[in-house]
Amino acid sequence: MTQPTILVTGATGRVGGSVVAQLHAAGVPVRALVRGEADFPEGVRAVRGDLGDPASLGAALEGVDAVFLVWPFLRAEGAAKVIDVIGKHARRVVYLSSAGVGKGEPGDPITAFHTELERLIETSGLEWTALRPTGFASNTLGWADELRATGAVRAPLARLARPLVHEADIAAVAVQALTTDTLLGARPLLTGPEPVTQEQQVALIGEAVGRPLRFEEITPAEAAERMRAAGWPAELVAAVLPAQAAMLDDPEPVNDAVERIAGIPARSFREWAVDHAADFR
């Protein structure tokens with residue numbers, strides 16, 4: 001594919017926003033799907049649409065060759081209609097999936113909807129790629145308010161180590177999948193360069209912002225109560241904490257897929273923390 005027109009969903013999020021930025025920097029015509037007002041660099045066209053309303057997507061998809069798809073819901077209801085609309089306009093979809101797909105994690109709603117989305121896309125007749133990253137480094141932004149207020153994160157599993165992925169690395173692989181044929185029909189597992197414990201993550205954020213920060217370990221039961229109080233759906237609370245605990249004995253793998261595909265070494269969590277220091281100050 002040469003100079004395709006690409007529609008990016010989730011364009012105001014961390015990964016989608018990085019896909020938009022990298023496509024734009026490469027001179028690829030790119031549209032950003034938004035539900036409201038949003039600012040993008042000059043030359044990036046923002047188009048209105050809502051994945052929850054497939055009928056709203058037609059105009060945004062007109063003349064589009066490929067779609068970067070981020071599914072924003074916890075269930076797959078409505079996804080078949082969205083993929084059908086995409087298939088009437090585009091010929092390729094690159095889906096931001098999860099490393100949990102294929103592991104057969106019963107009762108995990110996140111893995112369940114990603115699994116169903118992958119199935120729908122693979123049987124749609126579209127060209128496809130399913131990106132399967134491990135944990136996003138950007139999920140630690142959920143600690144920002146607590147760190148600013150108290151200088152500490154209160155959470156379980158201080159020694160849980162994960163090879164968290166920088167959103168720019170996921171985006172770099174997505175750009176390859178959207179603009180070349182090298183990943184057609186592929187499901188690359190994307191990881192960071194090394195496992196970093198949660199305790200180390202907090203310390204590295206502290207280094208980046210220039211003040212000591214600490215991790216205060218609490219029990220899983222305390223964590224579940226805090227999650228429920230913060231409005232987490234019960235099904236997520238019931239799935240996330242056991243899945244994290246299981247990683248202590250069955251850690252996520254580390255590979256060099258980012259470098260092999262995108263031609264750049266995967267960024268470390270230390271680099272991510274430096275890139276996002278302003279978010280924690």
Carboxylate-amine/guanidinium proximity below 4.0 Å for D84 and K81 = no
Output all residues satisfying side chain to side chain contact (heavy atoms under 4.5 Å, CB included) with A168, sequence neighbours left out; order by chain, then residue number.
-> S18, Q22, H166, R267
Which pairs with one or both residues in residues 271-281 pass salt bridge (charged side-chain N to carboxylate O under 4.0 Å, His left out), sequence neighbours excluded?
-> R14-D279
Check side chain to side chain contact (heavy atoms under 4.5 Å, CB included) between E146 and all other residues, then give those that pass, not counting sequence neighbours.
-> T150, V153, R154, R226
Who pairs with E259 by side chain to side chain contact (heavy atoms under 4.5 Å, CB included), at least two apart in sequence or on another chain?
-> P265
Salt bridge (charged side-chain N to carboxylate O under 4.0 Å, His left out) contacts touching residues 129-144 (sequence neighbours left out) = E118-R132
Does anything in residues 18-38 pair up under salt bridge (charged side-chain N to carboxylate O under 4.0 Å, His left out), and if so which pairs, sequence neighbours excluded?
-> E37-R48
Would you mind listing the cluster partners of L184? Hydrophobic ones only (ILVMFWY), side-chain contacts under 4.5 Å, chaining allowed.
-> none
Results of side-chain hydrogen bond (donor to acceptor under 3.5 Å, both in side chains) for D249 - residues two or more places apart only | none
Just list the side-chain donor-acceptor pairs under 3.5 Å for residues 207-217, sequence neighbours left out, or say none.
from: E207; atom 1: OE1; to: R270; atom 2: NH1; distance (Å): 2.6
from: R211; atom 1: NH2; to: L147; atom 2: O; distance (Å): 2.9
from: R214; atom 1: NE; to: E216; atom 2: OE2; distance (Å): 2.8
from: R214; atom 1: NH2; to: E216; atom 2: OE2; distance (Å): 3.1
from: E217; atom 1: OE2; to: L157; atom 2: N; distance (Å): 3.2
from: E217; atom 1: OE2; to: A158; atom 2: N; distance (Å): 3.2

With sequence neighbours left out, what residues match T219 under side chain to side chain contact (heavy atoms under 4.5 Å, CB included)?
-> A221, E222
Could you pull out all residues at least two apart from E122 that satisfy side-chain hydrogen bond (donor to acceptor under 3.5 Å, both in side chains)?
-> R187
For E252, which residues count as a side-chain hydrogen bond (donor to acceptor under 3.5 Å, both in side chains) partner, sequence neighbours excluded?
-> R162
